[in-house]
Trainee: 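Take this structure first; my questions come after.
All chains are named by letter (A, B, ...) in the order of the sequence lines, taking the proteins before the strands, and each is independently numbered beginning at 1.
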Amino acid sequence: MELYVYNTLTRKKELFKPINPPNVGLYVCGPTVYGDAHLGHARPGISFDIMFRYLTFIGYKVRYVRNITDVGHLENDSDQGEDKIAKKARLEQLEPMEIAQYYTKRYLDAMDLLNVLRPSIQPSASGHIMEQIEIVEKILEAGYAYVSEGSVYFDVLKYQNDTNKYGILSNRVIEDMLQTTRELEGQHEKRNPADFALWKKAQPEHIMRWKSPWSDGFPGWHLECTAMSAKYLGEKFDIHGGGLDLLFPHHESEIAQSVCAFGHEPTNYWIHNNMITIAGQKMGKSLGNFITLEQLFNGTHKILNKAYSPMTIRFFILQAHYRSTLDFSNEALLAAEKGLKRLLEAQRNLKKISPSKENTVNINEINQKCLEAMNDDFNTPIVISYLFEAATIINRLIEGQEKIDEKGLEALNKLFDNWLFEILGIKDELSSNMMPTIEGLVKMIIELRQDARANKDWAKSDELRDKLASLGVKIKDSKDGVSWTLD
RNA sequence: GGUCUCUUGGCCGAGUGGUUAGGCACCGGUCUGCAAAACCGUCUACUCCAGUUCGAAUCUGGAAGAGACCUCCA
């Protein structure tokens, strides 16, 4: 079976063919580490984690590179021209690198909680200044850049005239852009407002700076990805991913840089995840709906009714296709939480099922459909819908409404192991070191309650149930005995 | 203003030229001392207008609304 992926470059689903099978090179634009990881970081983190996991699952050897941007992004407010990290550092009287390290760690911790696998390589921009300078030199040699007052700019018009490629990814038309580009400081250094910086000369107060042939300064906005992807994946690699908001100018400029430095485009497949909205609105600091992942996990933001666990967030994100916008709301999150609980409970109940001689269910068909869904541009919502189907099957098996043989039971176990845990990356948050203790305690209390029930002491029985419930332990009575779950 | 995208039932969210997506919520039933869970069943859709078609929510055109990008941004 073949994998199809949606390529932003062609706006079509295309058959995925790696350059050097079984190896696959995947590069994804990572976070700028000057602030806490927020909801917006979760989407690409999880979306590309899924691709990393699935490509690996179907047998590819994936090298996944996700950069850490700790330098070079300019601010556009009153502190124009000042590096984001440098600005924050001065405010807090810390070394820029200290800030970057701090937020890098916080970001990775949040991604760990979301069960996002660590990429194969996580290079930082500040650690690759030499590589970036080399690319600037290559582009200068090729004649597509010019030096102006210590800074180096990419000559967009010349590039466009020679290659007719500026805009192939984002469908921008240069003439349109020239009319709409705003007046910015430093604009006079450029030949054309559409030109972008490859190297910026640092102002005296600018702390983060490196020596270069042109000035003490720092690399331009788009350079690090070109430099680091080329270094670790080669000048031409398979997949470049990132958020849709990076389409222009970031990715368009990356293409331009690669074409001029290496003579060809950097990647075969461009994949973009869509954005997250909150109650239909874009998340933004000014809108008051800016939620960090930490706030989400402990429910401390004012628009949240409660805390939502990392797995709830992950599951919620996977219930939408990565190319659709996804709207956050308490109601939607709650629905995801309950749905995931149902799925995990069914999975836990698998071990209660004993195989029979007959078999009335077709697990292989479900597995096949899951494969088809993932091969159709990583359609995780469809995969999840089939897992719910499997959950219903499990419940019906327990109720004796269906029968499964040994082979089928094995396939059912594998279905959840492969799809829910390995590929979708869900983990059962209940499993912890304390579980054996908790299990023993709850069992003890349930026995006490059973005694009360045997004596028809309903008051006592209900009291025990209520007290357990207040601790998050839910009792379920059934014909075959008592079971319980932890919220 | 330009470019791109979207508009599905109470909510979230798939998908397709003709057949139930799925989850959550609601309602009825089974089960239960009661409840919860589970199971069975029911219900609520495809923004609007016009066209193509035997048939469109799905294709085409138009309208309205929303979002993203054009400026740091996931």
Side-chain angles (χ1 to χ4, degrees), chain A residues 8 11 28-32 34-35 37-48 69 72-77 79-80 83-84 167 170-173 175-182 184 194 221 241-250 252 272-277 280-285 315-316 319-321 323-343 345-346 349 373 376 379-389 391-392 394-396 398-401 453 456-458 461-462 465-466 469 474-479 483-485:
Chain A
T8 311
R11 317 255 162 183
V28 175
C29 294
T32 302
Y34 69 94
H38 55 266
L39 193 44
H41 289 108
R43 190 99 195 256
I46 290 169
S47 298
F48 292 103
T69 298
H73 281 240
L74 298 170
E75 282 214 327
N76 191 41
D77 52 21
D79 294 300
Q80 275 179 22
D83 193 289
K84 271 187 176 171
S170 58
N171 287 325
R172 305 276 151 162
V173 180
E175 288 72 33
D176 295 340
M177 286 167 33
L178 294 185
Q179 292 168 359
T180 54
T181 304
R182 284 201 321 201
L184 292 170
W221 310 359
L244 201 52
D245 53 341
L246 295 177
L247 196 67
F248 188 88
H250 186 54
E252 193 71 61
H272 291 92
N273 64 272
N274 214 319
M275 305 291 111
I276 280 170
T277 57
Q281 266 191 316
K282 176 188 171 159
M283 183 178 74
K285 282 181 175 147
F315 187 70
F316 178 66
Q319 270 193 304
H321 189 261
R323 281 192 288 113
S324 302
T325 54
L326 174 60
D327 193 48
F328 262 62
S329 64
N330 280 292
E331 208 177 358
L333 245 16
L334 211 56
E337 184 180 76
K338 288 190 180 178
L340 176 59
K341 190 179 162 206
R342 177 155 170 245
L343 222 43
E345 250 167 56
N349 286 337
D376 185 14
N379 199 326
T380 55
I382 297 288
V383 171
I384 288 172
S385 78
Y386 288 122
L387 290 179
F388 275 112
E389 214 169 270
T392 299
I394 290 172
N395 290 329
R396 293 178 59 137
I398 288 169
E399 301 226 336
Q401 297 181 35
R453 294 181 75 206
K456 298 208 189 251
D457 184 354
W458 307 129
S461 158
D462 288 353
R465 184 173 63 193
D466 292 346
K474 279 196 183 142
I475 298 290
K476 300 172 190 173
D477 297 321
S478 76
K479 295 195 271 282
S483 64
W484 58 280
T485 61

Trainee: Quick check for you: to the nearest 0.5 Å, what is the distance between A:Leu340 atom CG and A:Gln319 atom CD?
Mentor: 8.5 Å
Trainee: Applying a 4.0 Å non-hydrogen cut-off, can you work out what A:Ser461 is touching in the nucleic acid: base, sugar-phosphate, or nothing?
Mentor: base
Trainee: Between B:rU16 and B:rG55, how far apart are the two C1' atoms, rounded to whole Å?
Mentor: 14 Å
Trainee: Is the backbone N or O of A:Pro44 less than 3.5 Å from a side-chain atom of A:Ser47, with the two atoms forming a donor-acceptor pair by type?
Mentor: no
Trainee: Minimum heavy-atom separation for A:Leu246 and A:Gly242, please, with both atom names.
Mentor: CD1-CA, 4.5 Å
Trainee: How would you label the contact of A:Gly40 with the nucleic acid (heavy atoms, under 4.0 Å): base, sugar-phosphate, or nothing?
Mentor: base
Trainee: Could you check how far CG of A:Asn274 sits from P of B:rA66, rounded to whole Å?
Mentor: 18 Å
Trainee: Go nucleotide by nucleotide along RNA chain B from the 5' end; which of A:Pro44 and A:Gln401 gets its closest nucleotide reached first?
Mentor: A:Gln401
Trainee: Between CG of A:Asp457 and CG of A:Asp462, what distance do you get to the nearest 0.5 Å?
Mentor: 9.5 Å
Trainee: What heavy-atom pair brings A:Ala332 and A:Asp327 nearest, and what distance separates the two atoms?
Mentor: CB-O, 4.3 Å
Trainee: Pick base, sugar-phosphate or nothing for A:Leu246, based on heavy-atom distances below 4.0 Å to the nucleic acid.
Mentor: sugar-phosphate
Trainee: Taking the same atom, P, in B:rC46 and in B:rU8, what whole-Å distance lies between them?
Mentor: 11 Å
Trainee: Which nucleotide in the list B:rC39, B:rA74, B:rC4 gets nearest to the side chain of A:Asn395?
Mentor: B:rC39
Trainee: Are A:Asn274 and A:Arg43 close enough that some pair of their side-chain heavy atoms sits under 4.5 Å apart?
Mentor: yes
Trainee: Taking atom C1' in both B:rU20 and B:rU42, what distance in whole Å separates the two?
Mentor: 13 Å
Trainee: Nearest to the A:Trp458 side chain among B:rG33, B:rC39, B:rA74, which nucleotide is it?
Mentor: B:rG33
Trainee: Rounded to the nearest angstrom, tell me the gap between atom CD in A:Glu252 and atom P in B:rC73.
Mentor: 15 Å
Trainee: Expressed as a whole number of angstroms, how long is the span from A:Leu334:CG to B:rA25:C1'?
Mentor: 10 Å
Trainee: Atom OH of A:Tyr386 and atom P of B:rG22: how far apart are they, to the nearest Å?
Mentor: 10 Å
Trainee: Determine the interatomic distance between P on B:rU30 and the same-named atom on B:rA36; round to the nearest Å.
Mentor: 14 Å
Trainee: Nearest 0.5 Å, what's the CD1-CZ distance between A:Ile276 and A:Phe316?
Mentor: 8.0 Å
Trainee: I need the A:Asn171 CG to A:Glu252 CD distance, nearest 0.5 Å.
Mentor: 8.5 Å
Trainee: Could you give the distance separating B:rA63 and B:rA45 at their P atoms, to the nearest angstrom?
Mentor: 29 Å
Trainee: For B:rG23, is there a stacking contact with A:Phe388, counting only centres under 5.5 Å and planes under 30°?
Mentor: no
Trainee: Calculate the interatomic distance between A:Glu399 atom CD and B:rA37 atom P; express it in whole Å.
Mentor: 13 Å
Trainee: First locate atom OG1 of A:Thr380, then atom NE2 of A:His321, and finally report the distance between them rounded to the nearest 0.5 Å.
Mentor: 7.0 Å
Trainee: What is the distance, to the nearest angstrom, from the CZ atom on A:Phe248 to the P atom on B:rA68?
Mentor: 18 Å
Trainee: Hey, is the side chain of A:Ser385 pairing donor to acceptor with the base of B:rG23 inside 3.5 Å?
Mentor: no
Trainee: Taking only the side-chain heavy atoms of A:Lys338 (C-beta and beyond), determine which of B:rC73, B:rA25, B:rA35 contains the nearest atom.
Mentor: B:rA25
Trainee: For B:rG17 versus B:rC59, give the span between their P atoms, rounded off to a whole number of Å.
Mentor: 8 Å
Trainee: Could you grab the distance from atom OG1 of A:Thr8 to atom CG of A:Leu244, nearest 0.5 Å is fine?
Mentor: 7.0 Å
Trainee: If you only use heavy atoms from C-beta on, which nucleotide in B:rU3, B:rA74, B:rC69 is closest to the side chain of A:Asn171?
Mentor: B:rU3
Trainee: Taking the C1' atom of each, how far is B:rA38 from B:rU47, in whole Å?
Mentor: 39 Å
Trainee: So if I take every side-chain heavy atom of A:Asp477 and compare against B:rG33, B:rC70, B:rA74, which nucleotide ends up nearest?
Mentor: B:rG33
Trainee: So that I can tick it off, tell me whether A:Lys474 and A:Glu345 are bridged by a salt bridge, with the cut-off set at under 4.0 angstrom between side-chain N and carboxylate O.
Mentor: no
Trainee: Whether A:Thr32 contacts B:rA74 is assessed here as follows: a side-chain N or O lying under 4.0 Å from the phosphate OP1 or OP2. Is that the case?
Mentor: yes
Trainee: Under 4.0 Å, counting only non-hydrogen atoms across every strand here, what does A:Thr392 touch: a base, just sugar-phosphate, or nothing?
Mentor: sugar-phosphate
Trainee: Taking atom P in both B:rU60 and B:rC24, compute the distance separating them and give it to the nearest angstrom.
Mentor: 35 Å
Trainee: B:rC73 P sits how many Å from A:Leu247 CG, rounded?
Mentor: 13 Å
Trainee: Can you run through RNA chain B from 5' to 3' and write each base as (, ), [, ], | or . depending on how it pairs? Watson-Crick or G-U wobble, both distances under 3.5 Å.
Mentor: (((((((..(((.....[...)))..((((.......)))).....(((((..]....))))))))))))....
Trainee: Got a donor-acceptor pair under 3.5 Å from the side chain of A:Arg342 to the base of B:rA37?
Mentor: no
Trainee: Rounded to whole Å, please give me the gap between CG in A:Leu244 and P in B:rU5.
Mentor: 10 Å
Trainee: Encode nucleotides 9-19 of chain B as B, S and - characters from 5' to 3', where the letter depends on protein heavy atoms closer than 4.0 Å: B to the base, S only to sugar-phosphate, - to neither.
Mentor: --SSSSS----
Trainee: Between A:Arg396 and A:Arg465, which residue's closest nucleotide on RNA chain B lies nearer the 5′ terminus?
Mentor: A:Arg465
Trainee: List for me each residue that meets salt bridge (Lys or Arg N to Asp or Glu O under 4.0 Å) alongside A:Asp477, sequence neighbours excluded, and say none if there are none.
Mentor: A:Arg449, A:Arg453
